[in-house]
Structure formats: C-alpha cells, structure tokens
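Inspection log for the structure reproduced underneath, given as structure tokens.
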Amino acid sequence: MNTQATHQPIRVGVLGFGGLGQAAAKILAGKREMILVAAADQKGYAYSTEGLNTQDCIKTYQKQGSVGYLEPFGTLSNHSIQDLIATTQPVDGYFLALPNLPNDFIPSVTQEIIKSGWRGVLVDAIKRTSAVEHLLLMKAALEAAGITYMTGCGATPGLLTAAAALAAQSYAEIHRVEIIFGVGIANWEAYRATVREDIGHMPGYSVETARAMTDAEVEAILDKTNGVLTLENMEHADDVMLELAGICSRDRVTVGGVVDTRNPKKPLSTNVKVTGRTFEGKISTHTFTLGDETSMAANVCGPAFGYLKAGKHLHQRGIYGIFTAAEIMPQFVQ
C-alpha cells in the first residue's frame with residue numbers, strides 16, 4: 001500500500017529556471033504529493049520551507065531576470081546552486097532542469113552536489129549518450145554520498161525509452177527501436193538552451209559551435225529553415241539506456257525528430273516503434289504514440305517527477321547510486 005499521500009509532501013527543488021524549469025514549477029503547483037521549496041537560476045536562488053508560489057517565482061524571473069529577487073525568499077548569487085545546497089535547508093529531491101550544454105555541465109553540477117554532503121534524490125532530463133556515460137562513471141561516488149540519481153527521465157530519453165523497455169517484453173529478440181519526436185513551440189526564445197542543443201545535432205554543427213552561437217546566429221539558421229529543424233541519427237541516451245537494461249545493443253536504436261520553433265502545433269506525432277521477433281518466429285512492431293495535445297514540457301516534466309517519486313522510495317530503503325528510466329518504473333505523482 002502506498003502511504004506517501006498521508007506523509008508530508010516530497011520537498012522538491014528545481015535547478016535551472018528557463019522554459020523547462022518554469023514548466024516544472026507549474027506542474028508542481030497542481031500536485032499534493034510534492035511541493036516546490038527551492039528554485040535556482042544563474043543569478044540567484046529562492047527557498048521557502050512552506051513552499052514557493054509558482055506565479056510569484058515566474059513573474060519575478062521574467063521581470064527581473066532571477067528568482068534571487070523574490071521577496072522575502074530570494075538570495076542573489078553567482079554560485080546559486082552551490083550556495084542553495086550549502087544552506088542545508090531540507091530538500092528531498094532536485095530536478096536538474098539545466099542546459100545539456102556543455103556536455104559535462106550536468107555531471108559537473110552533480111560533482112558539486114556530491115562534495116556538498118547533501119543526501120537525497122536527483123533527477124535529470126539529459127539527452128546525450130556521452131553525458132549519461134559520464135554520469136554512469138560516478139555510480140560509486142553517488143552511492144558513497146547517499147544520493148539516488150535517476151538519469152534520462154524526460155520524454156526521450158525517458159518516457160519513450162521506458163515504453164520501449166515495456167514493449168520489448170513481447171519479443172524474444174529486438175531488431176530495432178526507432179524513436180521519432182515532433183516538437184512545436186510558438187517562440188524559440190522560451191526554450192533557448194533546448195533549440196541550441198538541437199542545432200548541435202544537425203549535420204555540420206557540433207555541441208561547441210551551437211553553444212558559441214549568438215541569438216542572432218540562431219535566428220539566421222531558423223530563418224533559413226523557416227523555423228523548422230529536422231534531426232536524424234541523434235546522439236541520444238536512449239541507446240545506452242536500452243543496452244544497459246539488456247534489451248538490445250545500442251546500434252539498433254535510432255532517434256530523430258522535427259522541431260518547429262514558430263508553431264505550437266506538433267509537425268508530427270511523437271512515437272516509438274519497437275520491432276522484434278516473437279518466440280513463435282513472427283516479426284512484428286509495437287508502436288506507442290504520444291497525444292499531439294501533450295506539450296514537450298508535459299512529456300518531460302511529468303515523467304521527471306514520476307521518477308523522482310520512485311527515486312524517493314528507493315532512497316528511503318537505502319538504495320543509492322544511479323538508475324535510468326529503462327530500469328525503474330516511474331510512480332504517478334498525485
């Protein structure tokens with residue numbers, strides 16, 4: 001029996017307060033089992049034991065550029081994450097809604113958190129295979145620090161990887177897993193880091209070149225493509241996660257998508273196709289398709305908090321280290 005609802009809500013901090021961090025705060029506002037107690041951005045952080053008001057946080061961030069200006073809970077700081085964690089205010093789990101660029105950014109933040117002596121649950125919506133591999137090397141350090149880390153817990157990797165892991169059960173052998181996503185956003189500036197990272201996946205661009213681009217240069221690329229980015233054979237951690245879970249070798253996993261940065265309507269339906277051979281020798285494909293009405297934010301933040309809740313249960317049982325979305329079932333947050 002799940003007794004979580006009768007206990008005090010899980011105290012959550014959101015690290016990073018761009019488009020994804022703000023969406024995460026909005027989702028938490030509607031939950032009973034979780035409460036937003038901390039938020040941090042590049043210039044400051046805010047903390048309240050009783051819970052932060054989502055609207056106030058977003059308004060302050062959009063008007064003044066940092067939640068650090070939020071009265072009376074905000075603190076301005078150039079090392080906001082380290083300073084927030086150093087306050088030793090009680091936070092059960094942090095969602096790392098941080099840019100995936102540079103590739104070692106989330107692992108380096110994790111290193112800082114390990115050093116701080118904080119214990120609890122971390123969850124990310126990281127994308128790149130190499131970044132997840134970097135985190136997997138930190139398994140022993142996370143275990144020793146008493147941290148339960150849930151990685152690759154967004155939409156892809158995350159929701160779609162978990163769906164592939166479930167769909168694989170019908171088969172004796174998996175031939176291929178194809179993930180195709182469609183993202184529609186009305187205005188790219190709300191998701192600058194995400195769009196930059198997508199450009200880094202395009203032929204002729206790298207993580208480094210995308211990161212160094214000015215907003216004007218990003219605009220110029222989007223003008224050329226009419227705001228649409230088409231991405232193929234992306235370096236996405238779904239491959240290493242499904243390989244780790246023993247489902248198939250990573251070379252059988254492909255991820256691609258179409259991102260429309262000028263139109264909230266999805267250019268195509270996000271789906272995962274799992275093709276394999278059954279024990280009777282038949283070749284078949286399972287397809288799991290996400291509803292077009294669900295936004296990128298809903299499909300990233302919802303699973304992230306479901307995995308944070310699952311991570312909290314592991315943590316309470318003294319199970320530390322690193323786990324992926326393909327290994328653990330998320331738990332629905334009421």
Test log, rule side-chain contact (heavy atoms from CB on, under 4.5 Å), inputs I174 and V274: CA-CA 7 Å; I174 302 305; V274 179; 4.1 Å; yes
Partners meeting side-chain hydrogen bond (donor to acceptor under 3.5 Å, both in side chains) with [X] (sequence neighbours left out):
X	value
N271	K273
S284	none
T270	none
K139	E143

Shortest non-hydrogen contact between [X] and [Y], atoms and distance:
X	Y	result
A29	T54	CB-OG1, 3.6 Å
P303	A298	CD-O, 3.6 Å
A25	L36	CB-CD2, 3.8 Å
I27	C301	CD1-CB, 3.4 Å

Can you find a pair of side-chain heavy atoms, one from [X] and one from [Y], that are under 4.5 Å apart?
X	Y	value
V67	T60	no
I113	L122	yes
T278	S170	no
V37	L52	no
K127	T194	yes
I10	V12	yes
V109	L98	yes
W118	E112	no

Can you tell me how far the [atom1] atom of [X] sits from the [atom2] atom of [Y], to the nearest 0.5 Å?
X	Y	atom1	atom2	result
N103	E208	CG	CD	8.0 Å
I126	T324	CD1	OG1	12.5 Å
L229	I221	CG	CD1	8.0 Å
E327	L242	CD	CG	11.0 Å
F73	T75	CZ	OG1	11.5 Å
M138	E133	CE	CD	14.0 Å

If you count the non-hydrogen atoms of other residues, nucleotides and ligands that lie under 6.0 Å from [atom1] in [X], is the total more than 12?
X	atom1	result
N78	CG	no
E232	CD	no
H175	NE2	yes
K31	NZ	yes

Check against side-chain contact (heavy atoms from CB on, under 4.5 Å), F17 and I58: CA-CA 8 Å; F17 213 67; I58 292 173; 4.0 Å; yes
Inter- and intrachain pairs under salt bridge (Lys or Arg N to Asp or Glu O under 4.0 Å), touching residues 168-188, at least two apart: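 Salt bridge (Lys or Arg N to Asp or Glu O under 4.0 Å) check on residues 168-188 returns E173-R252, E173-R277, R176-E178.
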Sequence neighbours excluded, every pair satisfying salt bridge (Lys or Arg N to Asp or Glu O under 4.0 Å) that has a member inside residues 83-100: R11-D92, D92-K312
Salt bridge (Lys or Arg N to Asp or Glu O under 4.0 Å) between D239 and R128, worked out: CA-CA 10 Å; D239 59 1; R128 288 180 177 264; over 6 Å; no
Check: S80 side chain, A40 main-chain N or O, donor-acceptor pair, under 3.5 Å: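 No, because the side chain of S80 does not come within donor-acceptor range (under 3.5 Å) of the backbone of A40.
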Side-chain (Y307) to main-chain (A325) donor-acceptor, under 3.5 angstrom: yes
Same apolar cluster: [X] and [Y], side chain cutoff 4.5 Å:
X	Y	result
F288	M296	yes
I81	V14	no
L308	L84	no
L20	V333	yes
F323	L244	no

Residues forming a side chain to side chain contact (heavy atoms under 4.5 Å, CB included) with T294, sequence neighbours excluded: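 Result, side chain to side chain contact (heavy atoms under 4.5 Å, CB included) vs T294: K266, L290, N299.
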Listed partners of H315 passing ring-ring contact (aromatic ring centres under 6.0 Å, His included), at least two apart: Y320
Short side-chain donor-acceptor distance under 3.5 Å, H201 and E235: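 Looking only at side-chain atoms, H201 and E235 do not form any donor-acceptor pair under 3.5 Å.
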Pair T87-Q89, side-chain donor/acceptor within less than 3.5 Å: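 No, no side-chain donor-acceptor pair sits under 3.5 Å.
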Hydrophobic cluster partners of V228 (side-chain heavy atoms under 4.5 Å):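 Once heavy-atom contacts under 4.5 Å are chained together, V228 belongs with I180, V258, L268.
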side-chain hydrogen bond (donor to acceptor under 3.5 Å, both in side chains) evaluation trace for S48 with E50: CA-CA 5 Å; S48 168; E50 300 305 307; over 6 Å; no
Pairs satisfying side-chain hydrogen bond (donor to acceptor under 3.5 Å, both in side chains), at least one member in residues 216-230, at least two apart: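 Every pair satisfying side-chain hydrogen bond (donor to acceptor under 3.5 Å, both in side chains) with a residue in residues 216-230: W188-E219, T214-E217, D223-R262.
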Listed once per pair and sorted, the side-chain hydrogen bond (donor to acceptor under 3.5 Å, both in side chains) pairs that draw on residues 61-73, sequence neighbours left out: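 Counting only pairs at least two positions apart or across chains, the side-chain hydrogen bond (donor to acceptor under 3.5 Å, both in side chains) contacts touching residues 61-73 are Q22-Q62, D41-S66.
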Stepwise side-chain contact (heavy atoms from CB on, under 4.5 Å) test for I85 and Y94: CA-CA 10 Å; I85 288 159; Y94 284 105; 3.8 Å; yes
side-chain contact (heavy atoms from CB on, under 4.5 Å) between V272 and T289, intermediate numbers included: CA-CA 7 Å; V272 55; T289 305; over 6 Å; no
Counting only pairs under 3.5 Å, give me each side-chain donor-acceptor contact of residues 144-167, with atom names and distances, residues two or more places apart or in other chains.
unit_1	atom_1	unit_2	atom_2	d
T148	OG1	I319	O	2.8
Y149	OH	D124	OD2	2.6
T151	OG1	D124	OD1	3.2
T151	OG1	D124	OD2	2.9
T156	OG1	H236	ND1	3.3
T156	OG1	D238	OD1	3.0
T156	OG1	D238	OD2	3.1
T161	OG1	G158	N	2.7
T161	OG1	G158	O	3.4
T161	OG1	D238	OD2	2.8

